[in-house]
Amino acid sequence: MRIGEAAAAAGTTPRALRLYEARGLLPPPPRTPSGQREYGPAEVARVRVIRDLLALGLTLEDLRRRAHRLDLLVQTPPASCGSRPGAFSDVVADRLAILDTEIARLTHLRQSLAVAAGAGGPWGAPGPPTAPSGSVPAPGPEC
C-alpha cells in the first residue's frame, strides 16, 4: 500500500510516516519503479506501536534509542511491555524518572505560588473559590 493508505490504516498522516523514517523508527520501505514508498502490514503494525508508545509519554528520542527492538512489541495479540524483559524497561525507567522530577518541580512551584498568593504577595489574595463543575454558584452580594 502507498503512504497515504498506510498512514490511514495506522491512524496517522503521511508526514508522520516520513518523520518516523527520518528518525530511524521505521526502516526505509521499498519503492515502486516511480519512487513511491510501499508499505505492508508489518510496517503499519510498527507505526501503531510507535503511536501507542508516544501516547504513553515516550519521546521520539526514547524510541529512537530502542528502534531495533520495536518489532518485539509488534505481535497479535499484543502482550504487555513487562513480558519482554529489557525491550524497553530502561527507556521506560528513564522516562518515569524524568516525569517524577518534573512532577516534583511543578508541585514545588504550585506550593510556592499558593503561599505567595495567600500571604498577600504581589498578586494579592486568591479570589473566591470556584464552584464545582455542574453546580450553580451562590448569588453574589447586591450592589
Side-chain angles (χ1 to χ4, degrees), residues 1-140:
M1 68 185 87
R2 304 279 165 84
I3 193 167
E5 297 165 321
T12 191
T13 64
R15 184 176 179 184
L17 294 186
R18 289 189 289 272
L19 174 67
Y20 300 157
E21 182 183 338
R23 297 287 172 92
L25 303 179
L26 194 59
R31 298 204 178 230
T32 66
S34 63
Q36 295 181 334
R37 293 171 171 89
E38 286 260 299
Y39 295 94
E43 289 83 13
V44 171
R46 186 177 176 114
V47 171
R48 286 184 183 140
V49 166
I50 291 167
R51 295 195 40 85
D52 288 346
L53 293 171
L54 292 172
L56 288 172
L58 295 177
T59 66
L60 289 173
E61 179 58 25
D62 292 335
L63 299 183
R64 189 197 62 73
R65 290 178 21 218
R66 288 289 183 250
H68 64 285
R69 305 198 82 182
L70 281 170
D71 289 331
L72 293 175
L73 300 176
V74 179
Q75 70 174 8
T76 306
S80 68
C81 288
S83 68
R84 304 263 194 288
F88 278 85
S89 58
D90 59 336
V91 173
V92 170
D94 290 348
R95 181 56 44 199
L96 287 172
I98 290 167
L99 288 172
D100 288 341
T101 301
E102 184 65 5
I103 289 168
R105 185 188 73 77
L106 290 171
T107 300
H108 176 74
L109 182 62
R110 185 196 184 287
Q111 290 169 345
S112 297
L113 181 59
V115 167
W123 307 280
T130 58
S133 178
S135 67
V136 177

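Atom set for the values below is all heavy atoms of this structure, side chains included, hydrogens, waters and symmetry mates excluded. Keep in mind the model is a prediction, meaning the values are calculated, not measured. Residue numbers start at 1 and run along the sequence shown.
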Look only at the side chain of Arg48 and the backbone of Val74, and say whether a donor-acceptor pair between them is shorter than 3.5 Å.
no
Side-chain heavy atoms of Leu26 within contact of Tyr39, under 4.5 Å
yes
Test Leu73 against Asp52 for side-chain contact (heavy atoms from CB on, under 4.5 Å), laying out the working first.
CA-CA 11 Å; Leu73 300 176; Asp52 288 346; over 6 Å; no
Does atom CZ of Arg31 have more than 12 heavy-atom neighbours, drawn from other residues, nucleotides or ligands, at distances under 6.0 Å?
yes
Flag yes if more than 12 heavy atoms outside His108 fall under 6.0 Å of its NE2 atom; otherwise flag no.
no
Can you tell whether the side chains of Arg105 and Glu102 come within less than 4.0 Å, N to carboxylate O?
yes
What heavy-atom pair brings Pro27 and Arg46 nearest, and what distance separates the two atoms?
CD-NE, 3.9 Å
Any side-chain to backbone donor/acceptor pair from Arg65 onto Val91? Under 3.5 Å, distance only.
no
Gap separating the NE2 atom of His68 from the CG atom of Leu25, nearest 0.5 angstrom:
12.5 Å
Roughly how far, to the nearest 0.5 Å, is the CD atom of Glu61 from the CZ atom of Arg64?
4.0 Å
Does any part of the side chain of Leu70, heavy atoms only, come nearer than 4.5 Å to the side chain of Tyr20, both counted from C-beta?
no
Could you grab the distance from atom CD1 of Ile3 to atom CG of Leu17, nearest 0.5 Å is fine?
5.0 Å
Gly24 versus Ala67, closest heavy-atom pair with distance:
O-CB, 3.3 Å
Tightest non-hydrogen contact, residues Ala7 and Thr13, listed as CB-C, 3.4 Å
Taken to the nearest 0.5 Å, the spacing of Ile50 CD1 from Leu58 CG works out to 11.5 Å
Please determine whether a side-chain nitrogen of the Lys or Arg among Glu21 and Arg18 lies less than 4.0 Å from a carboxylate oxygen of the Asp or Glu.
no
In this structure, CG of Asp62 is separated from OG1 of Thr59 (nearest 0.5 Å) by 3.0 Å
Distance col, row Arg37:CZ vs Arg2:CZ, nearest 0.5 angstrom, shows 12.5 Å
